[in-house]
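Heads up, the thing below is written out as structure tokens.
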Number of protein chains: 2
Amino acid sequence: MTEKKIQGIHALENRLGEFLQENSIDCVILGYDQEELKVLLLKWKFEDIWSLPGGYIHKMEGMDQAAHRVLEERTGLTSIFLRQFYTFGSAGRNGEHRPEEMATMRRILEKIPMENKELDFGWFTKRFVTTGYFALVDLRRTDPNPDFLSESCEWWALDDVPQLLADHNEILEKALEQLRIHLNYLPIGISLLPQKFTMRALQKLYEAILARPLERSNFQRKMLALDILVRHEKQMTGAANKAPYLYSFDRSKYDTLVQKGIGFSF
Amino acid sequence: MTEKKIQGIHALENRLGEFLQENSIDCVILGYDQEELKVLLLKWKFEDIWSLPGGYIHKMEGMDQAAHRVLEERTGLTSIFLRQFYTFGSAGRNGEHRPEEMATMRRILEKIPMENKELDFGWFTKRFVTTGYFALVDLRRTDPNPDFLSESCEWWALDDVPQLLADHNEILEKALEQLRIHLNYLPIGISLLPQKFTMRALQKLYEAILARPLERSNFQRKMLALDILVRHEKQMTGAANKAPYLYSFDRSKYDTLVQKGIGFSF
DNA sequence: TATTTATTGTATCGTTATGACAAAATAAAA
DNA sequence: TTTTATTTTGTCATAACGATACAATAAATA
């Protein structure tokens with residue numbers, strides 16, 4: 001078998017894993033920028049179809065590992081906050097329930113230069129199960145890379161997310177729902193913000209996740225009461241107003257707080 | 001289709017075949033009796049091995065359906081509180097990581113008459129991903145039934161649970177951890193207690209789940225404040241003390257509260 | 001019948017958490 | 001020097017909470 005062919009098969013495995021296999025993982029990779037929460041989406045070649053980055057689990061690999069691998073392949077980031085949030089296995093996930101979409105997929109695969117492009121789409125009639133992971137990243141540190149079957153890999157503001165492949169919109173919604181619950185057990189800014197940030201930035205992040213405004217002074221009071229922030233010098237913004245302090249997380253205090261798992265709510 | 005292309009497809013199939021996995025579900029069925037929380041376990045035939053009841057997802061069946069099916073097969077109960085809590089897919093779940101246990105399983109399977117090929121399960125070669133569900137039931141309404149591979153099906157007090165097959169002890173622990181979190185989003189007594197119960201019984205249930213004592217009068221105050229209980233006549237216990245009232249859940253108020261998803265904590 | 005016992009139902013009290021709002025501080029512009 | 005916009009800190013009434021006390025009561029006991 002030629003090297004090229006092996007590469008092609010390997011790419012297919014990674015990308016189409018969720019259709020070919022019974023098990024796959026899908027990543028809801030959330031980044032934060034410009035006071036907005038964004039999600040990383042892949043655009044398929046040739047057609048206007050977007051989907052969550054995903055892949056499947058190699059034989060000697062755990063599910064968590066697979067999710068980390070996909071994340072690294074798409075963003076270049078390692079050692080990232082990544083958490084399983086739900087497994088989707090309804091009968092309706094079967095490809096044959098979405099014939100039009102399957103036809104589109106068929107067109108895409110036919111145009112991709114591979115020697116074995118006449119794939120038997122009987123594969124598509126299998127029931128498949130995918131496990132969702134959400135990741136929180138500082139998107140300015142990422143370098144999004146499309147995979148073999150994608151022509152681009154872009155950050156989308158949550159409000160603008162288009163219709164996605166299969167049930168990926170539902171998966172995204174579930175990820176956000178779970179993230180909001182996690183917020184009560186875990187302060188999350190540490191992985192979404194740059195190392196030093198203003199209290200306003202942290203509040204805007206929480207507001208973006210919760211999709212509702214929070215009261216400024218009460219937010220500050222509660223956040224400081226957690227005793228996981230370190231205050232640094234002020235940041236001179238150049239604006240005609242009082243300059244805000246910069247804060248960063250105290251990693252060890254942060255970790256012990258997470259360890260204790262104390263619930264706090266917003 | 002050319003011979004070469006057919007070869008390519010076969011190569012792909014073979015390659016993918018290496019990655020074949022099995023999906024299963026495992027149920028942590030919790031019952032409450034005698035002020036104790038109990039879990040339903042199966043004892044395998046011929047050997048002293050216990051495990052959680054579980055099963056495979058049939059071809060045209062969703063994962064949730066499969067869990068309901070297993071639950072009904074084991075307990076006779078339908079329309080039950082049943083919730084997915086986590087999916088276990090670490091590399092270590094592969095049978096080949098537990099050779100002694102696999103040898104035991106092999107002995108068991110050899111003694112069981114196997115007309116049915118499905119029973120081979122591929123336990124010794126495939127990697128397993130299992131999704132855990134927890135169920136809450138009134139155990140006095142159940143009729144535990146062992147399955148084909150089990151010789152008994154019994155309720156075990158949580159404190160007495162023996163070492164279980166594979167990572168089932170971890171799965172049980174995770175189920176309890178998740179249940180305790182759910183407790184803050186959902187009053188759960190409705191499915192674990194008989195229709196009418198005393199406040200003391202409800203408190204004992206919460207204490208059993210949380211594994212810590214709760215303050216009596218404050219528990220009563222909070223629980224009544226939820227406004228989902230109906231008070232009935234007193235229950236004459238025959239003991240030399242004040243007789244307690246009986247309560248039951250107001251189903252519609254209960255449902256609307258769950259709908260609102262209001263958080264309350266103990 | 002009167003008293004005792006054990007448990008239940010409810011009230012109280014001090015502390016803390018919370019939401020809404022107000023006031024002081026301050027960097028830069030006018 | 002004053003104005004402007006935003007941050008930081010403070011206040012205050014209310015609600016929630018943990019701890020404790022006390023009253024109510026069904027049955028046993030004297």
Side-chain angles (χ1 to χ4, degrees), chain A residues 34-35 180 183-185 187 189 193-194 196-207 210-248 257 260-266, chain B residues 34-35 180 183-185 187 189 193-194 196-207 210-250 257 260-266:
Chain A
Q34 309 281 74
E35 300 192 351
R180 286 171 189 139
L183 218 52
N184 291 331
Y185 294 90
L193 293 173
K196 292 185 179 180
F197 49 87
T198 64
M199 190 61 76
R200 180 192 179 84
L202 186 58
Q203 183 182 336
K204 290 292 174 187
L205 168 60
Y206 271 72
E207 290 180 341
L210 295 171
R212 65 185 165 88
L214 299 171
E215 210 287 323
R216 206 166 41 85
S217 75
N218 295 335
F219 177 83
Q220 180 141 338
R221 186 212 298 155
K222 281 190 194 178
M223 197 47 88
L224 291 177
L226 293 178
D227 191 33
I228 53 171
L229 293 180
V230 183
R231 188 155 93 172
H232 301 279
E233 75 289 358
K234 288 193 175 185
Q235 181 190 42
M236 298 303 172
T237 56
N241 53 40
K242 184 172 178 176
Y245 287 105
L246 288 176
Y247 295 89
S248 66
L257 183 69
K260 281 194 288 184
I262 284 175
F264 54 99
S265 62
F266 285 92
Chain B
Q34 309 280 79
E35 301 193 352
R180 285 171 189 139
L183 217 54
N184 291 330
Y185 292 91
L193 293 172
K196 292 185 179 180
F197 49 87
T198 65
M199 190 61 75
R200 178 192 181 85
L202 187 58
Q203 182 182 338
K204 290 293 172 188
L205 168 59
Y206 271 72
E207 291 180 339
L210 294 172
R212 63 184 166 88
L214 299 171
E215 210 289 320
R216 194 177 52 85
S217 73
N218 295 334
F219 178 84
Q220 178 140 340
R221 186 213 297 156
K222 282 190 194 176
M223 197 47 90
L224 291 176
L226 292 178
D227 191 33
I228 54 172
L229 294 179
V230 184
R231 189 155 93 173
H232 302 279
E233 75 288 0
K234 289 192 176 186
Q235 181 190 41
M236 298 304 172
T237 56
N241 53 40
K242 185 171 178 178
Y245 287 106
L246 288 176
Y247 295 89
S248 65
F249 286 95
D250 180 321
L257 183 69
K260 281 194 286 184
I262 284 175
F264 54 98
S265 61
F266 285 92

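Because the structure is a prediction, the values reported are computed rather than measured. Quick note on labels: first sequence line is chain A, next is B, and so on, each numbered from 1.
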List in chain and number order the residues that pass side chain to side chain contact (heavy atoms under 4.5 Å, CB included) with A:Glu233, two or more places apart in sequence or in another chain; answer none if no residue qualifies.
-> A:Lys196, A:Leu246
Can you tell me the distance, in whole Å, between the CZ atom of B:Phe197 and the P atom of C:dT8?
-> 15 Å
Spacing between A:Gln220 atom CD and D:dT6 atom C1', to the nearest angstrom = 12 Å
Expressed in angstrom and rounded to an integer, what is the separation of A:Met223 atom CE from C:dT18 atom P?
-> 12 Å
Value in whole Å for how far the P atom of D:dT9 lies from CZ of A:Phe219 = 15 Å
A:Leu224 has an atom CG; how far is it from atom P of D:dG10, in whole Å?
-> 12 Å
Determine whether A:Ser248 and A:His232 make a side-chain contact, defined as any pair of heavy atoms from C-beta on separated by less than 4.5 Å.
-> yes
Hey, does the side-chain of B:Arg221 have a donor or acceptor N/O within less than 3.5 Å of a partner on the base of D:dG18?
-> yes
Nucleotide nearest B:Glu215 when distance is taken to its side chain, options C:dG9, D:dG18, D:dT20 | D:dT20
Is there a donor and acceptor pair closer than 3.5 Å between the side chain of A:Ser217 and the base of D:dG10?
-> yes
Calculate the interatomic distance between A:Lys222 atom NZ and C:dT16 atom P; express it in whole Å.
-> 17 Å
Considering residues at least two apart in sequence or located in another chain, which fulfil the salt bridge (charged side-chain N to carboxylate O under 4.0 Å, His left out) criterion with A:Glu215?
-> none
Difference in axis direction between the ends of the helix from C:dT1-D:dA30 to C:dA30-D:dT1, five pairs, 10° = 30°
Would you state whether a donor and an acceptor, one from the side chain of B:Arg200 and one from the base of C:dG9, lie under 3.5 Å apart?
-> no
With sequence neighbours excluded, tell me which residues meet side chain to side chain contact (heavy atoms under 4.5 Å, CB included) with A:Gln203.
-> A:Glu207, A:Leu214, A:Arg216, A:Phe219
Could you state the CG-P distance from A:Leu229 to D:dT7, rounded to the nearest angstrom?
-> 16 Å
Are any of the side-chain heavy atoms of A:Thr198 and A:Tyr245 separated by less than 4.5 Å?
-> no
Sequence neighbours left out, what passes side-chain hydrogen bond (donor to acceptor under 3.5 Å, both in side chains) with B:Arg221? Give chain and number order.
-> B:Asn218
Can you sort out the partners of A:Arg200 under salt bridge (charged side-chain N to carboxylate O under 4.0 Å, His left out), two or more places apart, ordered by chain and number?
-> A:Glu35
Indicate for each nucleotide in nucleotides 22-30 of chain D, in 5' to 3' sequence, whether protein heavy atoms under 4.0 Å reach the base (B), only the sugar-phosphate (S), or nothing (-).
-> --BBBBS--
Per atom distances to the B:Asn218 side chain, the nearest of D:dG18, C:dG9, C:dC21 is D:dG18
Hey, does A:Thr198 reach any base, or is it just sugar-phosphate, or nothing, if we go heavy atoms under 4.0 Å?
-> nothing
4.5 Å side-chain heavy-atom contact, A:Tyr206 and A:Met223 | yes
Ring pair (Phe, Tyr, Trp, His ring centres under 6.0 Å) filter on B:Phe197, not counting sequence neighbours, yields B:Phe249
What is the distance, rounded to the nearest whole Å, between atom CG of A:Leu202 and atom C1' of D:dT8?
-> 16 Å
Can you measure from CZ (B:Arg180) to CZ (B:Arg212) and round to the nearest 0.5 angstrom?
-> 9.5 Å
Heavy-atom check, side chain of B:Asp250 versus side chain of B:Leu229, under 4.5 Å | no
Any residue meeting side-chain hydrogen bond (donor to acceptor under 3.5 Å, both in side chains) with B:Asn241, in chain and number order, not counting sequence neighbours | none
Could you write out each protein N or O paired with an N or O of nucleotides 1-4 of chain C at a distance under 3.5 Å?
none

